[in-house]
Amino acid sequence: MIPINALGRHVAPLQAELAAIAAEVVASGHYVLGPGVRAFEQAFAGWCGVAEAVGVANGTDALELALKAVGVGPGDRVALAPNAAMYGSSATLACAAEPLFVDVDVDAEGLMTLDTLRAAVEREGLPKAVIVTHLYGRLAAIEPIVAWAAAEGVAVVEDCAQAHGARRGGRRAGAFGDAAAFSFYPTKNLGALGDGGAVLTACPERAARLRQLRQYGWSAKYTNALPGGRNSRLDELQARFLLAMLPRLDGWNARRRAIARRYVEGIRHPQLRLPVLDDGEAHVAHLFVLRSARREALAAHLHAAGVQTDVHYPLPDHRQPCFGGRYDALLLPGAEREAREVLSLPCFPELADAEVEAVIAACNAFPEA
Ligand SMILES: *Cc1c(COP(=O)(O)O)cnc(C)c1O
């Protein structure tokens with residue numbers, strides 16, 4: 001079976017280096033928010049071209065704390081696209097705020113655009129903040145959204161959990177909004193050997209607030225000054241692993257992009273719609289997602305041909321059972337169509353050329369109905 005992901009292959013060449021780092025950390029006496037975390041924060045901020053990075057426990061916490069740092073509180077509304085597995089919605093609910101669901105543009109690879117955002121705002125009024133998700137590794141058309149949001153007094157939080165390093169016009173994901181959330185879950189383009197996350201911001205005061213929010217809202221030890229404070233710290237082991245992996249990220253992203261390009265060249269089938277990849281480095285191919293009205297049949301065909309696939313994501317946020325039917329009347333045709341039609345093919349740096357060709361051949365052999 002050609003796997004959708006193979007973390008063992010990814011980590012194997014790093015094994016000796018990571019084991020040496022682990023031994024150093026074990027001997028160091030620093031395990032949480034120590035010098036390794038500070039070193040990684042500085043390196044990652046520099047790599048992204050943003051002044052400040054604040055390490056946190058995971059990507060969902062990063063979204064929640066980013067929202068709190070831009071002023072989202074109880075009762076506020078946060079605009080977000082409903083096709084990103086509830087991450088933004090969960091973070092919004094953790095702020096006691098409410099999601100304002102924005103449809104996505106199926107002609108823009110399932111991303112929010114300024115047009116879909118404005119349609120939602122006309123329907124429901126202005127939100128306090130908007131989460132722009134660079135889904136599947138593709139930088140959203142975020143510049144017009146940022147300009148609109150600045151004029152309307154709406155804060156912009158980027159969700160960069162799938163887009164480490166994506167860049168346009170010399171700016172990387174995370175350098176566009178008021179704050180940006182990253183995840184270092186093991187399968188991400190930059191992944192730890194456990195959970196991890198970071199919030200990036202160009203604003204030193206906001207970074208200082210984030211450093212308080214991640215540690216109980218403390219202004220000083222045992223003085224809980226900020227409402228909404230949490231325990232969401234990054235540990236030394238993960239930070240040191242991430243610091244060692246960061247210099248390889250551009251190479252990993254280049255290999256992901258090359259695989260995606262080969263898929264787009266090689267897959268020829270009238271019932272499969274392929275993503276458009278004419279974006280230079282604005283796409284870091286976190287996932288290779290195609291669309292088909294016959295998605296289930298295609299997945300079964302590929303499985304029989306030895307190709308593992310996955311669906312990112314099958315149920316949009318506004319249809320999730322946790323809302324108890326609250327959004328049943330809300331129709332978001334773009335997001336609902338995406339949920340029915342998207343299918344992800346294997347796309348990770350260690351995928352071999354022969355495996356890429358086998359996936360292409362299997363797709364092209366999908367019998368037409
Ligand atoms: C993975 C992911 C997150 C959440 O990250 P965790 O570290 O798993 O909490 C948030 N947003 C997007 C788009 C993601 O892919």
Side-chain angles (χ1 to χ4, degrees), residues 4-5 7 37 40 44 53-68 78-95 99 101-102 104 108-112 129-140 142 156-166 172-174 176-177 179-200 210 213-214 230-235 237-239 241-242 245 253 256 283-289 310-317 320 335 338-339 342 344 347-348:
I4 189 81
N5 232 311
L7 291 174
V37 170
F40 172 67
F44 191 63
V54 178
V56 298
N58 59 67
T60 311
D61 282 5
L63 281 169
E64 176 194 333
L65 298 183
L67 289 172
K68 287 176 174 170
V78 176
L80 54 90
N83 63 333
M86 280 296 288
Y87 302 118
S89 291
S90 299
T92 298
L93 296 173
C95 297
F101 292 118
V102 177
V104 298
E109 313 292 347
L111 297 176
M112 175 194 293
V130 56
I131 297 175
V132 179
T133 302
H134 303 300
L135 196 66
Y136 308 144
R138 179 183 303 275
L139 211 53
I142 191 172
V156 177
V157 170
E158 296 177 71
D159 183 346
C160 305
Q162 303 189 354
H164 315 65
R172 296 219 200 232
F176 295 88
F182 285 81
S183 166
F184 306 116
Y185 184 76
T187 58
K188 308 294 184 182
N189 290 43
L190 179 62
L193 305 191
D195 277 310
V199 184
L200 267 60
L210 283 159
L213 286 168
R214 76 173 166 185
R230 289 268 316 276
N231 173 5
S232 183
R233 295 177 292 221
L234 183 60
D235 64 66
L237 204 53
Q238 301 308 336
F241 289 160
L242 291 164
M245 293 182 195
N253 283 346
R256 286 176 181 271
H283 197 312
V284 291
H286 174 65
L287 295 170
F288 186 88
V289 176
D310 203 350
V311 173
H312 300 95
Y313 298 96
L315 194 60
D317 295 10
Q320 292 287 350
E338 287 282 293
V342 291
S344 302
C347 183
F348 56 91

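What you see is a predicted model; the values in this text were computed from it and never measured. We count ligands from 1, going down the list as the structure has it; atoms in each ligand are counted the same way.
- In this structure, Phe184 and Phe44 have perpendicular ring planes: the angle between them is above 60°, well past the 30° mark.
- Set against the non-hydrogen atoms of Asn58, the atoms of ligand 1 under 4.0 Å away are 7 (O), 9 (O).
- Between Ser183 and ligand 1, an N or O atom pair is found at a separation short of 3.5 Å.
- What sits closest to atom 11 (N) of ligand 1 on the protein, heavy atoms only, is Asp159 OD2, 2.7 Å.
- The shortest N or O to N or O distance between Thr60 and ligand 1 is under 3.5 Å.
- Minimum interatomic distance between Asn83 and Tyr313 (heavy atoms only, all atoms of both residues): O-CD1, 3.4 Å.
- What you find for Arg256 and Lys188 is that their closest heavy atoms are NH2-O, 4.1 Å.
- Looking at Gly59 next to ligand 1, an N or O pair under 3.5 Å apart turns up.
- When hydrogens are left out, the protein atom nearest atom 2 (C) of ligand 1 is Lys188 NZ, 2.7 Å; that is the closest non-hydrogen contact.
- A pairwise comparison of heavy atoms in Ser344 and Val289 identifies OG-CG2, 3.6 Å as the closest pair.
- Nearest heavy atom pair, residue Tyr136 against residue His283, reads O-CE1, 3.4 Å.
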